[in-house]
**Q** 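Have a look at this one.
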Amino acid sequence: MTTARLQLTGISKRFAATAALADVSLELLAGEIHALVGENGAGKSTLVKVIAGVHQPDAGEIRLDGELITVPNPAAARERGIAVVHQEPRLFPDLSVAENIFLIAPPTDRFHTISWGEMRRRAAELFEQLDVRIDVAAPVRGLSMADQQLIEIAKALAIEARVLILDEPTASLSSHEVERLFTIVRRTSERGVAVLFVSHRLDEVFELCDRATVFRDGRYVTTAPTSELTTASLVRFMVGREVSLFPKEATTVGAPILEVRNLSDASGFRDVSFTVRAGEILGLAGLVGAGRTEIARVLFGIEPRTAGEVLLDGRPVEFRSPSEALRAGVAYVPEDRHQDGLVLDFSITNNITLPILGRLFPRLFLRARTEVEVATQFSERLRVRMTGVDQAVKALSGGNQQKVVIAKWLAARPRVLILDEPTRGVDIGAKVEVHRIVSELAASGLAIIMISSDLPEVLAMSDRILVLHEGRISEEIPRADATEERVMFAATGQRVQAPAGTGASSVH
Amino acid sequence: MTASSQSPARPAVRLGALARWETLLVILLVGLIAAGARMSPFFISGGNFANLTSSVMEIAIMALPMTLVIIMADIDLSVESMVGLAGAVLGTLVVAGVPLPLAIPVVLAVGALGGLLNGLLVTRAGLPSLVVTLGTLALFRGLANVLLGPTVISVWPDWFTSFGFGTIDGSPIPFTLVVFLVLVVVFWAVAHATWIGRQVFAIGKNAAASRYSGVRVNSMRNWMFVITGMIASLAGIILVARFSSARNDNGTGMTLTVVTVVLLGGVDINGGKGSIPGVVLAVFVLALLQNILRLAGVSSEFQGIAVGLLLVFSVIVPQLARQTRGAVDRARRSRRPPAGPIASGEVTA
């Protein structure tokens, strides 16, 4: 067996009283793509920061090609050929692509001035190797997230990286951008680079990676070739117990609650029609930018519509603000929890009662006991893990924060609940719980619209799936006929040759 | 993870009880009273109390709505010009023969309208309140200039002027202080005991999340500007009564003092934090400080410097406190690891 490209042994790292990493080991081989998986708080990002020189380990050793090294700071990591691509690309928006790539060590001529022509030529060469067309003289500002990530990878190639770490690189990419990224990552690993791929998305782990290492609660659990793993076994390693992924309950679908007819907005979507019934979960699938969130924003009164009508219980409605939508019984769990979903400095109680203050206290004056009762009732129903309802929501984990957002809307007793990426950035255990909650809500008679980029989630949770492509409905797929391929085809604007009689939707 | 985020919070809470901003202000107040009593035998007297309180009542009254405006992460710089415009409108109406009891509601309506203009420009046109009210600061003052020109209107009914500087019979309590105290009770209740106040704080902390939670953010901001404008015109009326004169430059420079009092009262200039009791304490700190400087024979120019320093002080101190707390936490964290191996043995066992 050859020496590992990067060998971490017995790494420990403590923050105050918490052991973020306890005696973990990891081995990366040259030319391999290695997945690092685990729930939030499992220690993945701490390990990445140790390798990248951001954190110093309290114990353990790091070997690069057999040589014992220390990584005192990020610059040292770079010098040793360790490159990190972060979830959010960290580029200088006003500098050109080429300048960003050669920021640290620009090619110079004999007068020690920067040789711009040489810089651009070498940058273009790098992208040629990646088989990517990009204008290296253009400023980074305005490039897509996907392109910016490719620049980060090009930066890694420029320093002739021996180890490339990708930290949740696909979180904000659409699926064809993900495909392109994977192609490039494969090409990079073929050049002998050891790639560490940190991800939440298990399907990507199986598609891209040769081996996977699982961490749980800061400890090493196992390493195995992905060919010997299944989603179920991987999840079991991650959470340490058996979980059934999506506990969707059977529901009795009732009367139509929300009808949308030929709805359009200024730019996001056109001529969209659908109906959601009581007890039904309607999945909204599509690529990022297909118009899914825009539909939700119009239904919730945040943006105005330009054409079409919306009927709630058969009556036409037009909301000019979220407060009007709420009063009519439409609630929206926004995509960005921190920005739009919660007042982070407020307690769980104050967040949960915020939408219903007027209803709880018609005579203006607050009563602490009433508020605590309501908050306790709903946070316990959703099993929010907390020290008490007076805890600030910023101290909660992502999954528990999401439960507080949902609890907030349950307290408002809506008829229609719109969920926008309800499990993004939430660990698997909490994800399962969110699914259980959503499923229970549908069973209790709510009409639910669920926007999600997580295909397995959409397939498992939805009674029907509406696929959007460039602002239009490209297909409506009933639960029984839904497959990942079919949704993906529709999302990219193509259609699977469906067996006669199925799939042809009547809503157009 | 939870342990690391909680352990720094615990000492902060313990410190917080001791070092609450309001406690600091009370200590400051006591110190000022002690200093004043030592400086002059007249300091602790009913007459001086009436004098020192009534001299800041316009500022005190305006500081109440300004507190809510700043908690909502807005600001209203135009209040001092509304004071001038209110006096100008009042003077013009009275000169034209309109009886005062009729003119006063008209002036209050003008104040509300001016506030509405601020509010609409901020919420409908989506402009920053700092810029909008900087504009109306000039606009309202300009209107006052147009209405009055260089004329000074100084003929007022006795009942009106004695309301301005008189005290309740047989006590050192100015009538204006009564007005202020009534407003304090109202604003205190609204800010800290009603859901309107809760929404005000929510907007200041996160306007987007508040809107998504059904809070009518723009309508609330709009109303707050209307109320601020109206209270500023009330302050304008009081100022005319106190000096028995309506001039086009009434109230010039007051905005700075109002904002100083609010920030000294512990309100966060970035919004989301603050309290009415804190601002009330700050009002009296300011009144005492001005009074003591005057007793010490410090010229009004230098008193201006004192207000400026107070403003800087009240912004810097909380900032320093935050930084110190952060540094203490960091030091505490970095001191932990040496004890780590033993502790880790226990934890992992």
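Chain A is the first sequence line, chain B the second, and so forth, proteins listed ahead of strands; every chain is numbered from 1.
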**Q** Do Tyr212(B) and Pro334(A) come within less than 4.5 Å of each other through their side chains, counting heavy atoms only?
**A**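 Yes, at least one pair of side-chain atoms sits under 4.5 Å.
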**Q** Just wondering, do Arg363(A) and Thr194(B) contact through their side chains at under 4.5 Å, heavy atoms?
**A**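 Of all side-chain heavy-atom pairs linking Arg363(A) with Thr194(B), none is under 4.5 Å.
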**Q** Are the charged groups of Glu371(A) and Arg198(B) less than 4.0 angstrom apart, N to O?
**A**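 Yes, charged N to carboxylate O under 4.0 Å.
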**Q** Supply the atom-to-atom distance Arg211(B) CZ to Ile302(A) CD1, rounded to the nearest 0.5 angstrom.
**A**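 That separation rounds to 6.0 Å.
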**Q** Kindly give the heavy-atom pair with the smallest separation between Leu354(A) and Ser210(B), and that separation in Å.
**A**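 Taking Leu354(A) first and Ser210(B) second, the nearest heavy atoms are CD2-CA, 4.4 Å.
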**Q** Let's test your reading of the structure: which of Pro322(A), Ser321(A), Ala331(A) forms the most heavy-atom pairs below 4.5 Å with chain B?
**A**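 Of Pro322(A), Ser321(A), Ala331(A), Pro322(A) has the most heavy-atom pairs under 4.5 Å with chain B.
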**Q** Check whether any side-chain heavy atom of Phe365(A) sits under 4.5 Å from a side-chain heavy atom of Trp195(B), and report yes or no.
**A**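 In short, these two side chains do not touch, never coming nearer than 4.5 Å.
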**Q** Side chain, backbone, both or neither: which part of Arg327(A) has a heavy atom under 4.5 Å from chain B?
**A**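 Side chain only.
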**Q** Looking at every non-hydrogen atom in both residues, tell me the closest pair between Lys408(A) and Ser213(B) and how far apart they are.
**A**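 Reported closest heavy-atom pair: NZ-OG, 2.7 Å.
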**Q** Could you tell me which portion of Arg320(A) (side chain, backbone, both or neither) has an atom closer than 4.5 angstrom to a non-hydrogen atom of chain B?
**A**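 Neither; nothing under 4.5 Å.
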**Q** Can you say whether Leu326(A) sits under 4.5 Å from chain B via the side chain, the backbone, both, or neither, judging by heavy atoms?
**A**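 For Leu326(A), the side chain is the part near chain B, not the backbone.
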**Q** Measuring only between side-chain heavy atoms, which start at C-beta, is Asn206(B) closer than 4.5 Å to Leu344(A)?
**A**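 Result no, sub-4.5 Å side-chain heavy-atom pair not found.
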**Q** Please classify the contact of Ser12(A) with chain B as side chain, backbone, both or neither, using a heavy-atom distance under 4.5 Å.
**A**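 For Ser12(A), neither part sits under 4.5 Å from chain B.
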**Q** Side chain, backbone, both or neither: which part of Asp336(A) has a heavy atom under 4.5 Å from chain B?
**A**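 Nothing of Asp336(A), per the 4.5 Å heavy-atom cut-off to chain B.
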